[in-house]
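Below: the structure, in structure tokens.
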Amino acid sequence: MTDALLETNLNLPNKRSGKVRDLYDVALDDGGEALLIVATDRISAFDVVMANGLPGKGVVLTQISKFWFDLFAADTPHHLVSTDPADVPGLSAAEREALAGRIMLCRKTEVVPIECIARGYITGSGWKDYQASGSVCGIALPAGLRNSDRLEEPLFTPSTKADTGHDENISFDQGVEIVGRELMEWLGETTLRLYRGARAYALERGIILADTKFEFGRLPGQDTPILIDEIFTPDSSRFWPADLWVPGREQESFDKQIVRNYLETVVAAGDWGKTPPGPTLPDEVVARSVARYEEAYRLLTGSSIR
């Protein structure tokens, strides 16, 4: 298996790194400003980046996002300009080769400070919330639901970033206090429209899209936001194999669940405490995880990533 691309050091201004992506500012040839998003192969779990990555993961995530952006482009404007490294000024030939398939050159926006979450199945933190209160993020649900049950109507559950950097669930009315009622209504309607469309598309291809999250941003001088960040990837959504779905338990997944499951065994053995630095993942865990990401791409797009 080829080595993972874990770090970039491009001769571009204002580098900042998240857990799995590196971002740079780009001055375009026409004088405009853009944002370069590089999806590395770093893998994080429990808010900790692992010592090694998943080779090709960044390419898979970028190409899945591009697929969805293209699919919804007719009725949902987005920030993606290009995924071709040749369109990024200032890169060497070697850098363009290394970045092939894993970059998004995007229009800069003012980010709307609301993370938009759509939940079509009750799982994860929503399931824990329901068990404790009979509701999800303050939205009352019928009694008797099971873990991973399909919800009759998907939910819009916004969140925002707390000072610690972690997502913090908020109510719709709290969102109104932050961005106003008109924008919150638009965010909710757009989030659920996109989710319903992607859920139906994915289900026809054997994948349950259990939930997902979006971000939106405004271009200078424009009131209506556009779709930004990544969309409908295994890192921003829960994908389940439809033929293995059984309500009442945790589901098989196309995301990094294989990594999480392995790490839980490391924690149980007392060899790691879910704090940095992250441990090195065994080759077998890496290979199985990469295969799951690639399978998600193949099912969704009908083509192979390799």
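For the salt bridge (charged side-chain N to carboxylate O under 4.0 Å, His left out) test, residues two or more places apart in sequence or in another chain that qualify with Arg196 are Glu153. Every side chain to side chain donor-acceptor pair (under 3.5 Å) that Ser303 has, sequence neighbours left out, goes to Thr301. Residues passing the side-chain contact (heavy atoms from CB on, under 4.5 Å) test with Asn11: none are found, sequence neighbours excluded. Among residues two or more places apart in sequence or in another chain, the salt bridge (charged side-chain N to carboxylate O under 4.0 Å, His left out) test is passed with Arg181 by Asp173.
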Only distances under 3.5 Å count here; give the side-chain donor-acceptor pairs of residues 239-254 to other protein atoms, sequence neighbours excluded, each with its distance to 0.1 Å.
| from | atom 1 | to | atom 2 | distance (Å) |
| --- | --- | --- | --- | --- |
| Trp245 | NE1 | Ser148 | O | 3.0 |
| Arg249 | NH2 | Leu244 | O | 2.9 |
| Glu250 | OE2 | Asn147 | ND2 | 2.8 |
| Gln251 | OE1 | Val246 | N | 3.0 |
| Gln251 | NE2 | Ser148 | OG | 3.2 |
| Gln251 | NE2 | Val246 | O | 2.8 |
| Gln251 | NE2 | Arg249 | O | 2.7 |
| Ser253 | OG | Asp255 | N | 3.1 |
| Ser253 | OG | Asp255 | OD1 | 2.5 |
| Ser253 | OG | Asp255 | OD2 | 3.3 |

Mind listing the side-chain donor-acceptor pairs of residues 61-69 below 3.5 Å, one per line with the distance, residues two or more places apart or on another chain?
| from | atom 1 | to | atom 2 | distance (Å) |
| --- | --- | --- | --- | --- |
| Thr62 | OG1 | Gly58 | O | 2.9 |
| Thr62 | OG1 | Arg102 | O | 3.4 |
| Gln63 | NE2 | Gly101 | O | 2.9 |
| Ser65 | OG | Ile231 | N | 3.1 |
| Lys66 | NZ | Asp70 | OD2 | 2.9 |
| Trp68 | NE1 | Phe232 | O | 3.0 |

Check: residues 84-99 side-chain donor-acceptor pairs under 3.5 Å, at least two apart:
| from | atom 1 | to | atom 2 | distance (Å) |
| --- | --- | --- | --- | --- |
| Asp84 | OD1 | Ala86 | N | 2.9 |
| Asp87 | OD2 | Ser82 | OG | 2.6 |
| Ser92 | OG | Glu95 | N | 3.1 |
| Ser92 | OG | Glu95 | OE1 | 3.4 |
| Glu95 | OE1 | Ser92 | N | 2.9 |
| Arg96 | NE | Pro85 | O | 3.2 |
| Arg96 | NH1 | Leu91 | O | 3.0 |
| Arg96 | NH2 | Val88 | O | 3.2 |

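Residue Ile117 is found outside any hydrophobic cluster, as its side-chain heavy atoms come under 4.5 Å of no other Ile, Leu, Val, Met, Phe, Trp or Tyr. Membership of the apolar cluster around Val111 extends to Leu219, Ile226, Ile228, as traced through chained side-chain contacts below 4.5 Å between ILVMFWY residues.
The stretch residues 169-190 participates, sequence neighbours left out, in these ring pair (Phe, Tyr, Trp, His ring centres under 6.0 Å) pairs: Trp186-Phe216. Pairs engaging residues 51-61 under the salt bridge (Lys or Arg N to Asp or Glu O under 4.0 Å) rule: Lys57-Asp235 [sequence neighbours left out]. Applying the side-chain hydrogen bond (donor to acceptor under 3.5 Å, both in side chains) rule to pairs touching residues 125-142 yields Trp127-Gln131, Asp129-Ser133, Ser133-Ser135, sequence neighbours excluded.
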Full working for salt bridge (Lys or Arg N to Asp or Glu O under 4.0 Å) between Lys274 and Glu264: CA-CA 9 Å; Lys274 294 186 179 181; Glu264 290 288 12; 3.4 Å; yes
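Contact record, Ile178 with Pro113: CG2-CG, 3.9 Å, taken as the closest heavy-atom pair.
More than 12 heavy atoms of other residues, nucleotides or ligands sit less than 6.0 Å from atom CD of Glu185.
The hydrophobic clustering, which links ILVMFWY residues whose side-chain heavy atoms are closer than 4.5 Å, places Val81 and Val26 apart.
With respect to Glu284 and Arg288, a salt bridge is recorded, a charged nitrogen being found less than 4.0 Å from a carboxylate O.
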